[in-house]
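Data block below; observations after.
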Amino acid sequence: MKQLQSYISEHKDRFLNELFDLLKIPSISADSAYKNDVLKTAQAIKISLEKAGCDRAEICETDGYPIVYGEKTIDKNLPTILVYGHYDVQPPDPLDLWTSPPFEPVIKKTEKHPDGAIFARGACDDKGQMYMHVKAMEFMTSTNQLPCNVKFMIEGEEEVGSANLATFVKNNQEKLKNDVILISDTGMIANDVPSITTGLRGLSYVEVEVTGPNRDLHSGLYGGAVANPINVLTKMIASLHDKNNHITIPGFYDKVENLSKEERAEMAKAPFNLENYKKALDIDAVYGEVGYTTNERNSIRPTLDVNGIWGGYIGEGAKTVIASKAYAKISMRLVPHQDWIEITELFKNHFERIAPKGVKVKVTPHHGGQGYVTPINSIGYQAASKAYQNTFGKTPIPQRSGGSIPIVALFEQELKSKTILMGFGLDSDAIHSPNEHFGIWNYLKGIETIPYFYKYFTELSK
Ligand code: BES
Ligand code: MN
Ligand code: MN
């Protein structure tokens, strides 16, 4: 690619400033108070796609937040890459743990990012990573080096389950027709250990409610004589794992794919330092399913975790009370072949069955999606691998991630194409946490690597 490095260094400051402008808009999809900001972000993305050289860009309305679509067709006989990303972000709270305000991006140095990282909600997940594609597109169109056709589909509801995108994809198969889908919304092992994500876990997210007596009670007058919903809920939750940290829901593991010895040995080659891992999290031991390594526990094995739990009195001081209700939000990360609808059913039946007499239990499914694995012998993977070899000087390691992008499995089902996950974030970038950040080096490396993917994918498709 001619002029790639000089183009990036010449336009670096502008690339950063434009991203800062996007990061300043609090596009929190989960909180309706930010509706106008989410919509404003969609407009800003549309304009950026036009400026980057798309023939046209449009705002596609849905029942929720709009999808921004853009495309450039240079020759119908050439392959088409569909780029997916999301412009919505997670809520920033707890706010007091941020060292600078979440929507006032600033550059700070970190141990992993000695050249500086952009601190802001969405810096890595996913505005920063999505915008790398817009800037790579700008480079290719303005230097006349776009080798194939491109379509962009940037949504605003990824962090809340992509329900409307699923409908959009089903209704627009012709419009979205492509040869490969390209996404930067995952991570890599380290800046000197590039990796390409070859798997994502599925998800089932549920909310549970345990109801005891019809009103909050004096814990002295009634304590010991009626079921306390909080005691019951915590006991029920505790019973969902056995002493080996296996999940106890009958049938839960039935469809879990067991990796061969060889595959596990291959996985174990990825560099990983347990001491550093513990140190970075300030924990004195790791924890999890007996018989599996940390890297296996967080990628090829399913999980069940409480994400939130509440009930009773949590204000200042003490109040002696037995609450009428207790609640929890629970997520299950699933692996390929586990069906999220089926798992949600299994959970619901089991949770209702284990409830003791004296309480009522309600399980409400939230959202979910299937897991995904992508083969490494596809043209898309090979093109990505060659691209990294060029810009990182190393062959990237294929690695399954523990995170979820539920829409990816639906893409394959509806659009019949494979997804390549070229993520440039690090696990330590604190996505979804306070002080989310994205390395400037990573941002620019992404912009540099993407055009090579286009080039090699087009060449290998011939
Ligand atoms: N970009 C993440 C997913 C991710 C991050 C995958 C890092 C692999 C590595 C995405 O925005 C996300 O947060 N997904 C949610 C699921 C969604 C249904 C809310 C998740 O994984 O919790
Ligand atoms: Mn994301
Ligand atoms: Mn996310």
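Remember, it's 1-based here, ligands and their atoms both numbered in the order they're listed. From a predicted model like this one, the values you see are computed outputs, not experimental measurements.
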With nothing but distance in play, are any N or O atoms of Asp125 less than 3.5 Å from an N or O of ligand 1? yes
Pair Thr248-His241, side-chain donor/acceptor within less than 3.5 Å: no
Can you find a non-hydrogen atom of Asp427 under 4.0 Å from ligand 1? no
From the Mn ion (ligand 2) out to just under 2.8 Å, does an N/O/S atom of Asp125 turn up? yes
Number the atoms of ligand 1 from 1 as they appear, then name those within less than 4.0 Å of a heavy atom of Pro406, with their elements. 18 (C)
Taking only non-hydrogen atoms of Arg333 and a 4.0 Å limit, the atoms of ligand 1 in range are 20 (C), 21 (O), 22 (O)
So if I apply the ring pair (Phe, Tyr, Trp, His ring centres under 6.0 Å) rule between Tyr388 and each of Phe424, Tyr456, Tyr452, which one comes out positive? Phe424
Considering only N, O or S atoms of His86, the one closest to the Mn ion (ligand 2): NE2
side-chain contact (heavy atoms from CB on, under 4.5 Å) for Thr294 and Tyr277? Distances and angles first, verdict last. CA-CA 10 Å; Thr294 296; Tyr277 185 86; 3.8 Å; yes
Answer with yes or no whether the side chains of Glu155 and Ser162 bring together a donor and an acceptor at under 3.5 Å. yes
Does Asp126 come within less than 4.0 angstrom of ligand 1, counting non-hydrogen atoms of the residue? no
Is it the case that the side chains of Ser27 and Lys127 hold a donor-acceptor pair, with the cut-off being a distance below 3.5 Å and no angle test? yes
side-chain contact (heavy atoms from CB on, under 4.5 Å) with Leu16: which of Leu444, Asp21, Ile440? Ile440
Pull out every atom of ligand 1 sitting under 4.0 Å from any heavy atom of Ile431, numbered as shown with elements. 5 (C), 7 (C)
Proximal atoms of ligand 1 relative to Ser401 (non-hydrogen, under 4.0 Å): 8 (C), 9 (C)
Looking only at protein heavy atoms, which one is nearest to atom 17 (C) of ligand 1, and what is the separation? Glu158 O, 3.7 Å
Return yes if some donor-acceptor pair links the side-chain N/O of Asp429 with the main-chain N/O of Gly425 below 3.5 Å, else return no. no
Once you restrict to heavy atoms under 4.0 Å, what part of His86 touches ligand 1? Side chain, backbone, both or neither. side chain
Select the closest option to atom 19 (C) of ligand 1 among Met188, Gln129, Gln399, Glu159, judged by heavy-atom distance. Glu159
So which bit of Gln90 gets within less than 4.0 Å of ligand 1, heavy atoms only: side chain, backbone, both or neither? neither
His367, any N or O under 3.5 Å of ligand 1 N or O: no
Hydrogens and angles aside, do Ser385 and Gln382 bring a side-chain donor and acceptor to less than 3.5 Å of each other? no
Heavy-atom gap Arg201 to ligand 1 smaller than 4.0 Å: no
Does the ring of Tyr292 carry Arg301 above it, NZ/CZ under 6.0 angstrom from centre and within 45° of its axis? yes
Could you name the option among Ser404, Ser29, Gly403, Gly187 that has the heavy atom nearest to atom 3 (C) of ligand 1? Ser404
Is there an N/O/S atom in His432 at a distance below 2.8 Å from the Mn ion (ligand 3)? yes
So that I can check it, does any N, O or S atom in Glu158 come closer than 2.8 Å to the Mn ion (ligand 3)? no
Nearest protein heavy atom with distance in Å, relative to atom 4 (C) of ligand 1: Asp185 O, 3.5 Å
min-distance N/O/S atom, Glu159 vs the Mn ion (ligand 3), resolves to OE2
Take atom NZ in Lys40; do more than 12 heavy atoms of anything else shown fall under 6.0 Å from it? no
Would you find a donor on one side and an acceptor on the other, under 3.5 Å apart, between the side chain of Thr197 and the backbone of Ser401? no
Examine Lys329 relative to Tyr205 and say whether NZ or CZ is less than 6.0 Å from the centre of the six-membered ring and inside a 45° cone about the ring axis. no
